[in-house]
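What follows is a single structure, written as structure tokens, with notes after it.
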Amino acid sequence: MQEDFDTIAEHYNDYLPPLSEPMSKALDALRAPQADTRALSRLLMQDTILASKTFKLVNSAYFSSTSSKHLSSINKALMSLGAMKVKNIIIALVLQKLYDSEGPADLFRHSVFCATACEFLAEQYKTINPDDAFILGFLHDIGQVVLKSKYGSEYENVHKTANGNYEMLLKLENEKFGVTHSELGALLCKKWKMPAILVDTIKFHHAPKAATIPFAAGFVYLADRIVAINPESSTVSPDVLDYLQISFTDVAQSREKIMARANVFLRELSDF
């Protein structure tokens, strides 16, 4: 298995996206067991556009507990929201350009939806930290960037053909490219020296029963299907729910709440 992984790594190495300086600093924060508040402060002070986007979001209705007061500094934001939430915002923002320029259409939008759904599920079931769940959801499809980078319009066509049907997408990826976006996403995060839970979750987010930490991969699996373009074509496997010991029936109601919340995040960025 490791030999296969190394072969894939060698084949796709030229298409694994390099890190910009802001992205490198943000991912350094992700690697750390705890958020480095001084490093986050320095990053925002060095990038005025990133700082503007961050403060717009921390003062938005997305964080309803703070919507009545304006947070004007990174230190106030860190104190009010917590370092992990601010770190998640920064990571999402620094990767937005990569997703929009190198990924398939609407990858950033879908990733925000899935991140919000993961956060929602973690708050409901209290098995993993909601802040950890957000970043797992946001990065789950990053392997699609690698496939789009290597195959361009050919991968775009595969993505459009699947039209939100994940089983079909995986099948087409395997048939045409010999690898899936899940495998390549895990490879990329391994190259970036991301935490093991992130690598494992990305690799198995379509097959959570095979994951080392099934609850983490399971939440991404479920979130992915709640916010799918065509929810009716991406049904949730009862076997997965039984394995995770989760009873989840209000998909439509949860989808409505999640989409409304995620759209606040996206709307706040529309002015940039």
Side-chain angles (χ1 to χ4, degrees), residues 8 11-18 23 92-118 134-189 201-208 217 219-237 240 251-252 254-256 258-267 269-270 272:
I8 292 171
H11 186 63
Y12 284 88
N13 190 57
D14 291 341
Y15 299 91
L16 299 180
M23 197 189 306
L93 293 178
V94 297
L95 287 174
Q96 180 183 8
K97 185 176 181 180
L98 176 68
Y99 279 21
D100 285 343
S101 63
E102 301 296 333
D106 289 332
L107 178 60
F108 179 73
R109 181 182 181 85
H110 173 70
S111 298
V112 171
F113 284 155
C114 195
T116 304
C118 284
F134 180 95
I135 208 64
L136 293 175
F138 183 76
L139 291 172
H140 77 291
D141 275 343
I142 198 168
Q144 292 185 11
V145 170
V146 185
L147 284 168
K148 170 70 183 312
S149 177
K150 181 169 173 58
Y151 297 107
S153 59
E154 188 179 359
Y155 184 69
E156 280 279 14
N157 291 335
V158 164
H159 202 264
K160 287 178 183 176
T161 299
N163 194 30
N165 184 317
Y166 300 125
E167 285 70 25
M168 182 184 293
L169 178 62
L170 295 173
K171 181 175 181 290
L172 290 173
E173 287 174 345
N174 258 322
E175 286 176 355
K176 290 187 173 291
F177 314 122
V179 68
T180 67
H181 69 276
S182 307
E183 292 166 322
L184 286 176
L187 173 64
L188 180 56
C189 285
T201 297
I202 290 174
K203 187 173 183 179
F204 295 109
H205 72 269
H206 288 299
F219 277 172
V220 178
Y221 168 91
L222 185 53
D224 219 359
R225 281 150 180 78
I226 292 172
V227 302
I229 301 170
N230 296 314
E232 65 278 2
S233 68
S234 294
T235 56
V236 177
S237 167
V240 172
V251 174
S254 297
R255 177 183 168 86
E256 186 177 345
I258 289 162
M259 297 295 235
R261 182 170 165 80
N263 277 321
V264 171
F265 191 108
L266 293 166
R267 188 167 59 247
L269 298 180
S270 62
F272 289 91

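These figures come from a predicted structure and were not determined experimentally.
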Least distance between heavy atoms, Thr180 atom then Leu147 atom | C-CD1, 4.3 Å
Do Phe108 and Leu266 have side chains that get closer than 4.5 Å, going by heavy atoms?
-> yes
In Å, rounded to the nearest 0.5 Å, how long is the span from CZ of Phe177 to CD of Glu154?
-> 4.5 Å
Donor-acceptor under 3.5 Å (Asp141 side chain, Gln144 main chain) = no
Can you see which heavy atom on Glu156 is nearest to which on Pro104, and at what distance?
-> OE2-CA, 3.4 Å
Determine, stepwise, if the pair His206 / His140 fulfils ring pair (Phe, Tyr, Trp, His ring centres under 6.0 Å).
-> CA-CA 10 Å; His206 288 299; His140 77 291; 7.5 Å; no
Looking only at heavy atoms, what is the nearest atom pair of Met168 and Asn165, with distance?
-> N-OD1, 3.0 Å
Side chains of Met259 and Thr116: does their closest heavy-atom pair fall under 4.5 Å?
-> no
Asp224 side chain to Val220 main-chain N or O, any donor-acceptor pair under 3.5 Å?
-> no
Between atom SG of Cys118 and atom CG of Leu136, what is the distance when rounded to the nearest 0.5 Å?
-> 6.5 Å
Which pair of heavy atoms, one from Lys203 and one from Ala186, lies closest together, and at what distance?
-> CB-CB, 3.6 Å
Min side-chain heavy-atom separation Tyr155-Glu173 under 4.5 Å = yes
Under 3.5 Å, is there a donor-acceptor pair between the side chain of Tyr221 and the main chain of Ser237?
-> yes
Minimum side-chain heavy-atom gap Val240-Leu222 below 4.5 Å = no
Arg109 side chain near Asn263 side chain, heavy-atom distance below 4.5 Å = yes
Give, for atom CD1 of Ile202 and atom CD1 of Ile142, the distance between the pair rounded to the nearest 0.5 Å.
-> 6.5 Å
Determine the minimum heavy-atom distance between Ala228 and Gly164, stating which atoms define it.
-> CB-O, 4.3 Å
Considering only heavy atoms from C-beta outward, does the side chain of His181 approach that of Leu169 to under 4.5 Å?
-> yes
Kindly indicate, with the supporting measurements, whether the criterion side chain to side chain contact (heavy atoms under 4.5 Å, CB included) is fulfilled by Thr201 and Leu139.
-> CA-CA 10 Å; Thr201 297; Leu139 291 172; over 6 Å; no
Spatial distance of atom CD (Glu167) from atom CG (Leu170) [nearest 0.5 Å] | 7.0 Å
Specify whether Phe138 and Phe134 have parallel, tilted or perpendicular ring planes, treating 30° as the upper limit for parallel and 60° as the lower limit for perpendicular.
-> parallel
Value for CG (Leu95) from CD1 (Ile135), rounded to nearest 0.5 Å, stands at 7.5 Å
When rounded to the nearest 0.5 angstrom, what distance separates CG in Leu98 from CD in Glu102?
-> 6.0 Å
